[in-house]
Amino acid sequence: MGTVNETYVKHLQGMVRIPTISNVDPAKMDFTRFQEFQDYLQEIYPLIHKTMEKKVLGQANLLFKWTGKKSDKLPVLLMAHQDVVPEGDHSKWIHPPYSGEVADGCIWGRGSGDCKCVILAEMEAVEELIGKGFEPDFDIYLAYAQNEEVQAEEKGARMIVDYLKDQGVRLGCVFDEGSGVTSGESMGYDGYVCRVELGEKAFHDYEIYKECAGGHSMEPGQGTALGSIAKAIVVIEANPFPYRLTDLVENQLKALGKCMTGRMAEIYGDPRNHWEELTELAKEDKKLDSLLHTTCAVTMASGSAQSNILPERASAIMNCRVLEGDTAESLLAHFRALIPEDVQIRLVFGEDPAPASSVEGRPYRLIEEIAKDTYGDNLLMVPGLLAGGTDSRFYGAVCDNVFRHSGYFRDERWGRAHQVNEKVPCDALESGVKFYRELLLRY
């Protein structure tokens with residue numbers, strides 16, 4: 001735990017109190033809230049707005065540029081997203097979701113951790129450096145999209161990347177929301193663990209559907225459209241994608257093995273030679289399972305609007321998180337070989353996984369250098385794969401070093417993203433600001 005910087009606390013409270021909720025349909029987004037949020041950023045970060053060139057792309061996507069002195073260094077881009085997911089049932093929140101209330105040493109509210117605290121850390125660091133007269137010999141970008149939380153047809157992050165491509169910009173490194181530093185105590189490691197996600201699984205949505213004549217429920221015949229969809233779902237879930245070990249996940253497991261003891265240390269430390277044991281563990285461990293194959297989760301279904309009507313069209317939506325090496329084409333082939341002939345499947349949305357970044361090069365070593373200077377040499381670096389998704393996946397088009405790492409020290413006091421009672425410890429804010437400040441000073 002660190003010290004509490006009251007300015008950081010106040011600024012994050014102000015951000016949380018503005019409900020910048022995104023929607024897959026931009027017509028349903030209240031962009032006055034985004035303007036209010038951006039006006040607030042201008043109020044609390046006047047030096048950034050005075051020093052950096054600001055562009056608003058589309059309706060609310062922000063891109064700042066600090067032009068540095070010329071050198072051979074490629075630019076650095078720090079990113080996050082302005083939008084938050086809906087707050088859900090207010091009655092389940094201990095403190096109102098947009099109150100930004102401070103209680104039990106934490107700032108409570110939707111977006112506090114996902115991920116307005118990242119915007120705060122990045123902008124506080126840059127604001128402070130400008131105020132201290134820092135003059136970078138490289139360009140610095142800040143990028144904050146409007147709709148990371150939804151799979152919108154027009155993604156703000158893609159708009160920003162397309163703009164950078166049009167300007168001929170090639171970035172040296174990108175830092176987005178992601179893991180940070182934790183104590184290794186829970187894993188039996190006497191030290192700290194610094195996680196850096198170098199890649200992420202792709203996001204695909206598939207629709208499983210069947211169309212028919214419909215009719216009255218008193219004459220279902222030999223089965224219904226919804227029944228056929230159910231059969232397709234059952235056979236897909238009964239035939240998951242096989243486990244396989246990518247290079248990135250192998251390195252992740254080997255690093256985690258150094259935190260462990262006994263048989264677990266042996267299995268994780270050499271996963272290829274303990275493959276059968278590892279896959280047995282994965283069957284009981286959802287997190288490990290997600291790292292070893294493409295996963296499929298049926299999350300939505302629809303039939304008729306009334307119980308006594310046979311649906312003319314029945315469907316289900318299946319969300320897949322795709323491991324590097326699989327593609328939309330290979331997934332469709334897998335599904336079509338399994339489902340009944342009278343059932344159709346189509347890709348609704350999805351892009352194939354982007355290549356993972358590397359641990360080689362100055363940017364990754366810089367993360368380790370800063371972490372060890374902060375937490376001591378008894379710190380273990382764990383490069384890994386993010387099972388979820390972020391906007392950083394788009395930046396591979398303009399950068400080879402894309403890191404999902406925010407530098408925050410995280411412990412059990414943090415609330416979980418997208419759940420009720422999202423919160424951030426007040427004394428953690430300094431750790432995020434310090435990381436970005438040191439990153440820019442040492443780059």
Side-chain angles (χ1 to χ4, degrees), residues 79-81 85 113-115 118 148-151 157 174-182 186-187 193-206 236-237 240-257 259 267-268 271 278-299 317-328 330-331 334 349-359 381-396 402-406 408 410 414-419 422:
M79 62 178 291
H81 56 88
V85 298
D114 185 15
C115 66
V118 180
E148 188 271 353
E149 294 289 8
V150 295
Q151 298 306 318
V174 170
F175 283 81
D176 193 11
E177 61 173 327
S179 294
V181 178
T182 60
S186 64
M187 294 184 285
V193 177
C194 180
R195 298 173 185 266
V196 184
E197 279 90 18
L198 303 177
E200 63 183 54
K201 298 175 81 174
F203 182 113
H204 286 194
D205 275 344
Y206 293 86
I236 287 173
E237 290 194 344
F241 285 89
Y243 287 138
R244 56 188 176 85
L245 193 61
T246 64
D247 290 342
L248 177 56
V249 172
E250 181 177 14
N251 289 334
Q252 180 176 355
L253 296 179
K254 285 181 176 179
L256 288 171
C259 301
I267 295 171
Y268 274 65
L278 184 71
T279 54
E280 285 302 310
L281 289 172
K283 293 174 184 177
E284 304 298 325
D285 184 337
K286 291 190 291 186
K287 289 186 180 297
L288 178 58
D289 174 87
S290 71
L291 297 176
L292 297 181
H293 68 155
T294 291
T295 59
C296 303
V298 179
T299 55
I317 296 295
M318 178 171 59
N319 180 248
C320 299
R321 299 303 172 114
V322 185
L323 192 64
E324 187 174 359
D326 287 335
T327 65
S330 66
L331 264 64
H334 173 84
F349 172 89
E351 297 173 328
D352 293 338
S357 298
S358 171
V359 297
M381 294 293 293
V382 179
L385 174 71
L386 184 67
T390 68
D391 271 347
S392 59
R393 68 184 182 273
F394 297 108
Y395 283 80
V402 181
F403 304 118
R404 297 146 188 89
H405 177 83
S406 63
Y408 270 110
R410 296 178 178 269
W414 287 68
R416 294 183 64 85
H418 296 196
Q419 293 187 1
E422 186 179 345

Name the one of Asp247, Leu385, Thr246 that satisfies side-chain contact (heavy atoms from CB on, under 4.5 Å) with Gln252? Leu385

For a quick test of reading the model, state the closest non-hydrogen atom pair linking [X] to [Y] and the distance between them.
X      : Y      : result
Pro383 : Leu198 : CB-CD1, 3.7 Å
Cys115 : Glu177 : CB-OE1, 3.6 Å
Ala80  : Asp176 : CA-OD1, 3.8 Å
Ser392 : Glu200 : OG-OE1, 3.5 Å

Is there a side-chain contact (heavy atoms from CB on, under 4.5 Å) between His204 and Asp352? Walk through the geometry before answering. CA-CA 8 Å; His204 286 194; Asp352 293 338; 3.8 Å; yes

Is the backbone N or O of [Y] less than 3.5 Å from a side-chain atom of [X], with the two atoms forming a donor-acceptor pair by type?
X      : Y      : result
His293 : Phe241 : yes
Ser179 : Val196 : no
His405 : Arg195 : yes
Glu250 : Pro271 : no
Glu422 : Asp114 : yes
Asp391 : Ala157 : no
Ser406 : Gly180 : no

A side-chain contact here means heavy atoms from C-beta on lying under 4.5 Å apart; do Leu288 and Tyr268 qualify? yes

Are the side chains of Arg321 and Ser290 in contact, using a 4.5 Å heavy-atom criterion? no

Walk me through whether Met79 and Thr390 qualify under side-chain contact (heavy atoms from CB on, under 4.5 Å). CA-CA 10 Å; Met79 62 178 291; Thr390 68; over 6 Å; no

Would you call the rings of Phe175 and Phe403 parallel, tilted or perpendicular, taking 30° and 60° as the class edges? tilted

Hey, which of Asp205, Thr295, Thr299 is the one that makes side chain to side chain donor-acceptor pair (under 3.5 Å) with Asn319? Asp205

Out of curiosity, Glu148 CD to Phe394 CZ, how far, rounded to the nearest 0.5 Å? 9.0 Å

Are Asp326 and Arg244 ion-paired here, with the side-chain N under 4.0 Å from a carboxylate O? yes

Check the pair Lys201, Leu291 against side-chain contact (heavy atoms from CB on, under 4.5 Å), reporting the backbone distance first and the verdict last. CA-CA 9 Å; Lys201 298 175 81 174; Leu291 297 176; over 6 Å; no

